[in-house]
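Have a look at the structure below before the remarks.
Worth knowing before you read on, the calculation uses all heavy atoms, side chains too, and leaves out hydrogens, waters and symmetry mates. Because the structure is a prediction, the values reported are computed rather than measured.
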Amino acid sequence: MDTSDKLKQIKQTFRLRMNGETSRSMREKGLLYHINWGVSLPDLRFMAKEYGKDYDLAIALWKEDIRECKILATIIMPAERMLPEVVDIWMEQIPSLEIVEQIAFNLFQHLPYASQKAFEWISSDKEFYQVCGYHVLSRLFLKYGGLNNRAEDEFLDQVQVALKDKSISVKHAALVCLQRYADLGNREEQQAMSIFNSNNIDF
């Protein structure tokens, strides 16, 4: 089966699995997509297993202005094959905070150059970029632990700026990331505590 046939089959499956109540609830919460079938994340993960990792299919899915296609693309894209230029294109095209969270968790944390991109994004002035960067760093802290001195200084500087950002989403992502950083050890916890205290945040 070629990529276009797979794409057609996937869209048909979305129609069968559609959940109007979920779709309507998302719209009411401001999650606006050109098409949103309201298919659940567990259902999308189940579908992804059927197709496995598939670069060409992921590219085709991402081009569709459909919520489920975007999420499925983040699950089946093989991270090791994704070039930085393609990552940059996808970042520019992210339509919602839901997709930011999905792409960070399903795909970007697994990139061979994930840390490099995460630091690039947290220094951006774009909301989705910053949120994505902090989500990826949170996952990297859980998987790999601490940072080298230079990266640590940059992270601590950026996170203090983010905690004062007008975007609640940026603040929350930075706060969660700083909490993950604090879990790395006593020294990191003390540094995080100092930042929390200076921003009047309960830790």
Please tell me if the side chains of Lys63 and Lys70 come closer than 4.5 Å, counting only heavy atoms from C-beta onward. no
Kindly say whether Val39 contributes a backbone atom to a donor-acceptor pair with the side chain of Arg67 at under 3.5 angstrom? yes
Distance-only polar pair, side chains of Glu127 and Ser167, donor-acceptor under 3.5 Å: yes
Take Phe108 and Thr74 through the test side chain to side chain contact (heavy atoms under 4.5 Å, CB included) and record every step on the way to the result. CA-CA 9 Å; Phe108 286 168; Thr74 71; over 6 Å; no
Shared hydrophobic cluster for Leu41 and Leu107 (ILVMFWY, side-chain gaps under 4.5 Å): yes
Counting distance only, does the side-chain N/O of Lys53 pair as donor-acceptor with the main-chain N or O of Ile75 below 3.5 Å? yes
How about Phe155 and Phe141: are their ring centres within less than 6.0 Å of each other? yes
With distance as the sole criterion, is a donor-acceptor pair present between the side chains of Gln9 and Tyr51 under 3.5 Å? yes
Testing the basics here: between Leu61 and Ala73, what is the closest heavy-atom pair and its distance to 0.1 Å? CB-CB, 3.8 Å
Working for side chain to side chain contact (heavy atoms under 4.5 Å, CB included), residues Arg45 and Asn106: CA-CA 10 Å; Arg45 294 191 189 286; Asn106 298 332; 3.1 Å; yes
Distance-only donor-acceptor check, side chains Trp62 and Gln93, under 3.5 Å: yes
Asp5, CG atom: more than 12 neighbouring heavy atoms under 6.0 Å: yes
For Tyr181 and Gln191, does a side-chain donor sit closer than 3.5 Å to a side-chain acceptor? yes
Any side-chain heavy-atom pair from Trp121 and Val136 closer than 4.5 angstrom? yes
Kindly indicate whether the side chain of Leu137, heavy atoms from C-beta on, has any atom under 4.5 Å from the side chain of Arg180. no
Could you tell me which non-hydrogen atom of His110 sits nearest to which non-hydrogen atom of Ala79, and how far apart they are? O-CB, 3.6 Å
Using atom types as modelled and distance alone, determine if a side-chain donor or acceptor of Glu154 lies under 3.5 Å from a backbone N or O of Arg150. no
Assess the residue pair Ile103 and Phe128 against the criterion (side chain to side chain contact (heavy atoms under 4.5 Å, CB included)); give the C-alpha distance rounded to whole Å, side-chain angles, the decisive distance to 0.1 Å, and a yes or no. CA-CA 11 Å; Ile103 206 167; Phe128 286 178; over 6 Å; no
For residues Trp90 and Leu83: do they belong to one hydrophobic cluster (side chain heavy atoms under 4.5 Å, members Ile, Leu, Val, Met, Phe, Trp, Tyr)? yes
Exam field: side chain Gln109 to backbone Phe105, donor-acceptor pair closer than 3.5 Å: yes
Counting only N and O atoms by type, is there a donor-acceptor contact under 3.5 Å from the side chain of Ser194 to the main-chain atoms of Gln190? no
Aromatic Phe14 / basic Lys11 pairing, under 6.0 angstrom, 45° off normal: no
Side-chain heavy-atom pair Tyr129, Glu92 within 4.5 angstrom cut-off: yes
